[in-house]
Number of protein chains: 2
Amino acid sequence: MVRSETANPGAAPKIPRPATLRESVFEAILELIVRGSLSPGQHLAESELAEMLGVSRQPVREALQMLSGEGWVDLRPGHGAFVHAPTVDEADQLLAVRTLLETESARLAALNATPDGVSRLREVCSRGLAALEADDIETSVAANSELHTLVTELSGNKVLSELASQVSRRVRWYHTPVARQRGRDSWEEHARLIEAIEAGDEERAAQVMRDHTEHTRLSYLEQRAEAPAEPEPIAPRRRRPRSLSAG
Amino acid sequence: MVRSETANPGAAPKIPRPATLRESVFEAILELIVRGSLSPGQHLAESELAEMLGVSRQPVREALQMLSGEGWVDLRPGHGAFVHAPTVDEADQLLAVRTLLETESARLAALNATPDGVSRLREVCSRGLAALEADDIETSVAANSELHTLVTELSGNKVLSELASQVSRRVRWYHTPVARQRGRDSWEEHARLIEAIEAGDEERAAQVMRDHTEHTRLSYLEQRAEAPAEPEPIAPRRRRPRSLSAG
DNA sequence: CTGCCGTCGACTGCCTACAGTACACAGCCG
DNA sequence: CGGCTGTGTACTGTAGGCAGTCGACGGCAG
């Protein structure tokens, strides 16, 4: 299995080989989307992606389907894939759903968390806070998501945990810039959340998590309201004017 | 496009042509799963499905991926697809998540429902009840799911609605036998729910929906506890002993 | 100049074919 | 007789190629 020697001219994200090609391609395209190299609404031509990543169209197709399943791209039969362009409304609704899922997770975590789980929460929390102090925003944001994921896992409900992770991942894409701003507040809220979980106080844990996520949601809406960012109400059906790897 | 003249020997579900082949195949396999023609844990060979449906492996692969995305089958790389076999725990967790999503939907529906929406609810409700009286269980169950879907739609949150529909569809697979039993109680609860929504009483709507779905969940657990149904804790890794179309 | 129509191009959807791999069984050695 | 190894089979993962379809552009009539 010695292929893909023509791939990765540098701009494209590396494509190791964790398991199958389609998963590698999935990760690669997802990273392109999250990093903003592919703008919302943009058309994704299979052949182009295939050539760029040094694989055939087949794994690209399957990766696009996986991405569609998680809401990252829209698949219009006969027209191909388009990077999902969330409206303000939809983002708001997604954030609301996240609040719902994570609040319930926090409640259950308060009921079910083990001392070991709590200590893991503390570890992540201190790590994230340290990163923030060191101005290492990247690590801080990563710890943030790690902490939220951990809380959902401590809920003991795998279905809930998976759903919440998926929703949160998309949410994070939207509000990362927000997270950068209100870093310290966020970590203080996290600390209060952990206390509530450790105390086994389900109501308080739920309340803290609700406040926390709602806080995030409102910040997002505020930001997006004052900075419309994408003032293109007209559908950009035109084919992409320049190369794909314009990131 | 004149192919597939070798398909449908009778046992396999018809495959019309709504849009793309992969969607047809998706529907066909899903129906096989829901109807029980494919038992949980069973291995699904791509070639077999392909031959059975009169298509090539390609659309089958993509359909299996879609099914995997919605949790109907498990995709083990290098090993193929297996019909998802939910444990009691997982079913319980899924039902709990459904309660969460539908309860929130009901709350929002009470806040946002229009008079038109309420009358549509009433229409479905009376239709379902009539079907029950006529012993038309099939129609009654269909109306049941239609009503729940309608409630989620009236919530006004598309993301929530989609998620709830997806989860509920899986849930329905598990507890359909239960639904058959407690038909009348169920429709009385539905009527109370509609009243609460019409009155705009979000707390009551949420409470009624919570009771309703929890009621279902407990019935399911009860039933499954007393009738273990699938007493095969050993993983049936063996290849299917007989033909696929054994339904 | 505006609206319609034919042609062209590009892309998707699907199929066939090949390579690679994991499992199972049979035979062999200790 | 038990464990190990070799071989065979069946399956998945991937590549390349062909047909069908949709959108866009240029030319033509009004």
Side-chain angles (χ1 to χ4, degrees), chain A residues 1-7 15-29 41-68 73-83 234-241 243-244, chain B residues 1-7 15-28 42-68 73-83 235-244:
Chain A
M1 219 181 356
V2 252
R3 68 174 84 84
S4 87
E5 53 271 354
T6 66
I15 138 179
R17 125 170 8 190
T20 65
L21 264 189
R22 67 160 170 266
E23 288 179 32
S24 314
V25 173
F26 173 90
E27 298 289 346
I29 300 179
Q42 177 171 350
H43 175 73
L44 300 179
E46 297 174 358
S47 358
E48 210 161 340
L49 289 170
E51 189 183 1
M52 183 172 110
L53 299 171
V55 300
S56 90
R57 274 178 51 211
Q58 187 78 8
V60 172
R61 279 181 70 81
E62 301 187 355
L64 287 175
Q65 293 226 347
M66 292 167 70
L67 288 165
S68 160
V73 307
D74 299 320
L75 235 46
R76 286 201 307 164
H79 293 260
F82 298 79
V83 180
I234 324 107
R237 298 197 319 282
R238 203 89 187 80
R239 283 194 179 62
R240 69 270 98 109
S243 165
L244 186 69
Chain B
M1 195 135 98
V2 254
R3 68 174 83 85
S4 87
E5 53 271 354
T6 66
I15 137 176
R17 149 156 350 193
T20 65
L21 263 190
R22 67 161 170 264
E23 289 180 32
S24 314
V25 173
F26 173 91
E27 298 287 346
Q42 179 171 351
H43 175 74
L44 300 179
E46 296 175 359
S47 356
E48 210 162 342
L49 289 170
E51 190 183 0
M52 180 173 111
L53 298 171
V55 299
S56 91
R57 275 178 51 211
Q58 185 81 7
V60 172
R61 278 181 71 81
E62 301 188 355
L64 287 175
Q65 295 226 347
M66 292 166 69
L67 288 165
S68 161
V73 306
D74 298 320
L75 237 46
R76 287 201 306 164
H79 293 258
F82 298 79
V83 179
R237 299 198 320 284
R238 203 89 188 80
R239 283 194 180 61
R240 67 272 99 102
R242 60 184 187 280
S243 165
L244 186 70

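Proteins come first, then strands; the chains are lettered A, B, ... in the order of their sequence lines, and each starts at number 1.
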A.B. asks: Does some side-chain heavy atom of A/Val25 sit less than 4.5 Å from a side-chain heavy atom of A/Leu49?
C.D. replies: no
A.B. asks: Please walk me through it: do B/Gln65 and A/Glu62 pass side chain to side chain donor-acceptor pair (under 3.5 Å)?
C.D. replies: CA-CA 8 Å; B/Gln65 295 226 347; A/Glu62 301 187 355; 3.2 Å; yes
A.B. asks: Over how many whole Å does the gap from B/His43 atom NE2 to C/dC23 atom P extend?
C.D. replies: 12 Å
A.B. asks: Between D/dT12, C/dC15, C/dT12, which nucleotide has the shortest distance from any of its atoms to the side chain of B/Glu46?
C.D. replies: D/dT12
A.B. asks: Compare side-chain N and O positions of B/Arg61 against OP1 and OP2 of D/dT12 and report whether any pair is under 4.0 Å apart.
C.D. replies: no
A.B. asks: Whole angstroms only, please: what is the CZ-P distance between B/Arg22 and C/dC14?
C.D. replies: 6 Å
A.B. asks: Check this one for me: any side-chain N or O of A/His79 less than 4.0 Å away from OP1 or OP2 of C/dA10?
C.D. replies: no
A.B. asks: Using heavy atoms to find the nearest nucleotide of DNA chain D for A/Gly78 and B/Ala81 separately, return the residue whose nucleotide is more 5′.
C.D. replies: B/Ala81
A.B. asks: Quick one: B/Gln65 CD to C/dC14 P, roughly how many Å, whole number?
C.D. replies: 14 Å
A.B. asks: Tell me the interatomic distance from B/Arg57, atom CZ, to C/dC14, atom C1', rounded to whole angstroms.
C.D. replies: 13 Å
A.B. asks: In whole angstrom, what separates B/Glu62's CD from D/dG13's P?
C.D. replies: 13 Å
A.B. asks: In the structure I gave you, are the side-chain heavy atoms of A/Gln58 and B/Gln58 within less than 4.5 Å of one another anywhere?
C.D. replies: yes
A.B. asks: Nearest whole Å is fine: how far is C/dT16 C1' from B/Gln58 CD?
C.D. replies: 10 Å
A.B. asks: Does the side-chain contact (heavy atoms from CB on, under 4.5 Å) test come out yes or no for A/Arg61 and B/Arg22, once each step is laid out?
C.D. replies: CA-CA 12 Å; A/Arg61 279 181 70 81; B/Arg22 67 161 170 264; 3.3 Å; yes
A.B. asks: Rounding to an integer number of Å, can you tell me how far A/Leu21 CG sits from C/dC18 C1'?
C.D. replies: 15 Å
A.B. asks: Whole angstroms only, please: what is the CZ-P distance between B/Arg76 and D/dC11?
C.D. replies: 15 Å
